[in-house]
S.K.: 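Just dropping this structure here.
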Amino acid sequence: MRAFCLCYRGITISSQSCSLEEAQGVFNALLARSMVAAKAMVAAYIHYGCLSDALQLLIRMQNEGRSIESTNFIQLLDMCRSQGASALPEARKVHSLIKSSGLTRNTVVGNSLISTYGKCQSLADAQQVFDEILDKDVVTWNAMIAVYIENDYWNEGVKTFYQMQQVAIFPNEVTFICLLDLNSNRTELLYTPWFQIVLWHSGFCSETALATALVNAYSKGGSLASACNIFDIMQDPNVISWTTMISSYSSFSQDIEALQIFKQMLQQGGLPDTVTFMTILNVGASLGSILEGKILHVYVKLCHVEVECSIANGLINMYGKCGFVDVALDIFNRVSSCSLETWNIMIGIHAQHGGAAEAHYLLWCLRQAGLVPDKITLVNYLSACSHAGYVEAALDYVLSSCTDTCDIHQGAMPTLQHYDCIVDVLGRAGQLDRIQCVISTLPFQLSGLSWMTVLSVCRDLLTEGQAEFIAKHVLELDPLLLGFS
DNA sequence: TTAGGGTTAG
C-alpha cells in the first residue's frame with residue numbers, strides 16, 4: 001500500500017507515524033490546500049480504507065477544477081472491488097468522476113472499471129464500459145471474460161473468448177486462468193478436447209499460476225486424481241500451488257493426505273503463508289487429533305506468522321473440535337481484535353460441548369462489545385440452548401429477534417433453520433403443544449426437514465393421528481426424507 | 001497504473 005505524507009509548517013506526518021485523525025487535523029488546518037496536500041489526504045483515506053471520504057475529497061477536488069490522476073481512480077476502484085456488491089453505488093460514483101475527467105475511453109482505467117463492475121455483480125455496467133473502450137487490449141478481453149465466468153454466465157464467457165480471437169487478440173495465461181474459474185458443476189470446458197489441446201500446446205501449462213488454476217478446477221470439478229496428476233508434474237510449485245493441493249485433499253475428506261502434502265511442502269523448503277495455515281488448521285480440526293493439532297500450532301509459532309484474527313480463528317476452531325475448550329478459550333481471550341466470526345466459533349464450541357451457560361455469557365459479551373449477532377450466532381446459540389434444555393432462553397431469543405426494533409438483532413431475523421432449532425429444543429423438552437403454537441405463528445411454510453425434526457424429536461409423544469398428519473407433510477414436501485423417490 | 005491461481009463459522 002502506498003504511504004502518504006503531509007507537510008505542515010515544517011512538520012512531516014506520514015502514514016507510518018500518524019493516525020488518520022492527525023492527518024485530517026493537519027489537512028483541515030491548511031489555509032490554502034495545495035494539490036500535493038489534497039493528494040496526500042486522498043492517499044491517507046485510501047491507506048485507512050475510508051472509501052467514501054476519499055471519494056468525497058476527489059469530488060470536491062474536481063468541483064474546484066483540479067485534475068485527478070488516473071492512479072487515484074484505479075486505487076478507488078480497487079477498494080470498491082474488495083468490498084464486492086455492496087460497493088456498487090460507490091463504483092458508479094467513481095465512474096461518474098472518470099467520465100467528468102474525460103477518461104472514459106482510457107484503456108487502463110476502463111479495464112479496472114470492467115473488473116470492478118464484475119465484482120460488484122453489475123454485468124450491464126461492465127458490458128457498457130467494455131463497449132466504450134475503443135482500443136481494447138488483451139487485459140480488456142480477459143477482464144470481460146472474468147466478469148462473465150465469475151458471475152456464472154459461462155456461455156457468454158466462452159463466447160467472449162472466441163470473439164477476442166476473431167479480432168486478432170491472442171489469449172495469454174491469464175485468459176485461461178479466467179476461463180478455469182469454473183463453477184464446480186460446470187466442468188464441460190475442462191474435459192473438452194480442444195481446450196485440453198490448446199492448454200497443453202500453448203506452452204502456458206508450464207506456468208505455475210495456470211497449472212495451479214487447473215489443479216483447483218479439477219478438484220472443484222470432482223476429479224481429485226486429475227488434480228493430483230497436474231500437481232505431480234508441476235516443475236516449481238509455489239505456496240499457492242501447495243495450498244491448493246492441501247485444500248483439494250481436504251475437500252475430498254482425505255485429511256491425512258492433506259497433512260502429508262503440508263509436511264512435504266515443509267520438507268521441500270516451502271514457506272506456508274496465512275492462507276496455508278488457515279487451510280491446514282481446518283484439516284487439523286477435521287482430524288480432531290490433539291497431537292496433530294499441537295504440532296500444527298508449533299508450526300504456526302515457528303513460521304512467525306502473525307497470529308492475526310483469521311489464524312486465531314483457525315486455532316480456536318481446531319482446539320475446540322479436538323475437545324480442548326479451555327485452550328480454545330485461552331486463545332480467544334488473547335485475540336486483540338475479535339471479529340464476529342471469532343465470537344461465533346467460540347459460541348459454537350461451547351454449544352458442541354454442552355456449555356449453554358458459557359454460550360449465553362458470550363452472547364451477552366458480544367453485544368457489550370458493540371457487535372450485532374448474525375444468523376450464525378443465532379444458530380450456534382440456539383444449538384447450545386437445545387443441548388442444555390434451555391427452552392425459555394431459546395424462545396426468548398427468537399421471539400425478541402422478531403419483535404425487537406432497537407436494531408440489536410439487525411441482520412439476524414430468524415430463518416427456517418432457527419425455527420428448526422426451536423422445534424428441536426421444544427421436542428427434546430417434550431413440549432409438543434408449544435411446537436404446534438410456534439408452527440402456527442411461523443411467517444413461512446415449514447420445510448420437509450423441519451417436519452421430520454418434529455417427527456423424530458416427538459416420536460414418543462405423538463398420537464397416531466398426529467404422526468400421520470406430520471408424515472403426510474414430509475411426503476408432500478420432501479419424499480426422499482422418508483425413503484420414497 | 002489495468003485482467004488472473006489457494007482459505008473463511010453452522
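Because only heavy atoms are used, hydrogens play no part in the values below, and waters and symmetry mates are left out as well, while side chains stay in. Every chain is numbered from 1, with letters handed out A, B, ... down the list of sequences.
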S.K.: From CG of A/Leu363 over to C1' of B/dA9, roughly how many Å is that when rounded to an integer?
M.R.: 15 Å

S.K.: Is a side-chain donor or acceptor of A/Ser251 paired with a backbone partner of A/Ser248 at a separation under 3.5 angstrom?
M.R.: yes

S.K.: From the options B/dT7, B/dA3, B/dT1, select the nucleotide whose nearest atom is closest to the side chain of A/Ala143.
M.R.: B/dA3

S.K.: Look at the side-chain N and O atoms of A/Arg81 and state whether any lies under 4.0 Å from the OP1 or OP2 oxygen of B/dT2.
M.R.: no

S.K.: Taking the side chain of A/Gln352 as its heavy atoms from C-beta onward, which of B/dT8, B/dG5, B/dG10 lies nearest to it?
M.R.: B/dG10

S.K.: Specify the separation, in whole Å, of atom NE2 of A/His95 and atom P of B/dT2.
M.R.: 18 Å

S.K.: Counting C-beta onward and ignoring hydrogens, is there a side-chain heavy-atom pair between A/Val147 and A/Tyr117 closer than 4.5 Å?
M.R.: no

S.K.: Is it the case that more than 12 heavy atoms not belonging to A/Gln235 sit under 6.0 Å from its CD atom?
M.R.: no

S.K.: Does a side-chain N or O of A/Lys220 approach OP1 or OP2 of B/dG5 to a distance below 4.0 Å, or not?
M.R.: no

S.K.: Mind checking if A/Ser247 touches a base, just sugar-phosphate, or nothing, with heavy atoms under 4.0 Å?
M.R.: sugar-phosphate

S.K.: Looking across every strand, which nucleic acid part, if any, lies under 4.0 Å from A/Val109 by heavy atom: base, sugar-phosphate, or nothing?
M.R.: nothing

S.K.: Between atom CG in A/Leu103 and atom C1' in B/dT2, what is the gap in whole Å?
M.R.: 13 Å

S.K.: What's the CD-C1' distance between A/Glu150 and B/dA3, to the nearest Å?
M.R.: 10 Å

S.K.: When you get a sec, tell me which of B/dA9, B/dG4, B/dG5 is the closest nucleotide to the side chain of A/Ile345?
M.R.: B/dA9

S.K.: Nearest to the A/Ile240 side chain among B/dG10, B/dT2, B/dG5, which nucleotide is it?
M.R.: B/dG5

S.K.: So which nucleotide from B/dA9, B/dG4, B/dT1 ends up closest to the side chain of A/Asp374?
M.R.: B/dA9

S.K.: For the pair made of CG in A/Asn106 and C1' in B/dT2, what is the distance, rounded to whole Å?
M.R.: 9 Å

S.K.: Just to be sure I understand the rule, does A/Asn344 reach a base, reach only the sugar-phosphate, or reach nothing, if contact means heavy atoms closer than 4.0 Å?
M.R.: base

S.K.: Hey, does A/Asn313 reach any base, or is it just sugar-phosphate, or nothing, if we go heavy atoms under 4.0 Å?
M.R.: nothing

S.K.: Any idea which of B/dA9, B/dG6, B/dT1 is nearest the A/Glu341 side chain?
M.R.: B/dA9

S.K.: Identify which nucleotide among B/dA3, B/dT1, B/dT7 has an atom closest to any side-chain atom of A/Met278, counting heavy atoms from C-beta outward.
M.R.: B/dT7

S.K.: Evaluate whether atom NE2 of A/His360 has more than 12 neighbouring non-hydrogen atoms of other residues, nucleotides or ligands under 6.0 angstrom away.
M.R.: no

S.K.: Using a distance-only criterion (donor-acceptor N/O pair, under 3.5 Å, no hydrogens), is the base of B/dG6 paired with the side chain of A/Thr244?
M.R.: no

S.K.: In whole Å, I'd like the distance from the CG atom of A/Leu214 to the C1' atom of B/dG4.
M.R.: 13 Å

S.K.: Can you check the A/Phe161 CZ to B/dA3 P distance for me, whole Å?
M.R.: 20 Å

S.K.: Assess, by modelled atom type and distance only, whether the side chains of A/Asn111 and A/Thr140 contain a donor and an acceptor separated by less than 3.5 Å.
M.R.: yes

S.K.: May I ask you to verify whether the side chain of A/Asn172 and the base of B/dA3 hold a donor-acceptor pair under 3.5 Å?
M.R.: yes

S.K.: If you only use heavy atoms from C-beta on, which nucleotide in B/dT7, B/dG4, B/dT2 is closest to the side chain of A/Asn282?
M.R.: B/dT7

S.K.: Below 4.0 angstrom from OP1 or OP2 of B/dG5, is there any side-chain N or O of A/Asn216?
M.R.: no

S.K.: Only one of A/Glu207, A/Met234, A/Met245 forms a side-chain contact (heavy atoms from CB on, under 4.5 Å) with A/Thr212, so which one is it?
M.R.: A/Met234

S.K.: What's the closest nucleotide to the side chain of A/Ser241 if the choices are B/dG5, B/dG10, B/dT2?
M.R.: B/dG5

S.K.: So does A/Lys294 have more than 12 non-hydrogen atoms from other groups sitting under 6.0 Å from NZ?
M.R.: no

S.K.: Counting side-chain heavy atoms from CB outward, which of B/dT7, B/dA3, B/dG5 is closest to A/Thr279?
M.R.: B/dT7

S.K.: For a quick check, tell me whether the side chain of A/Thr276 and the base of B/dG6 share a donor-acceptor pair closer than 3.5 Å.
M.R.: yes

S.K.: Base, sugar-phosphate, or nothing for A/Lys136, non-hydrogen atoms under 4.0 angstrom?
M.R.: nothing

S.K.: Starting at CD1 of A/Ile311 and ending at C1' of B/dG6, how long is that distance when rounded to a whole Å?
M.R.: 14 Å

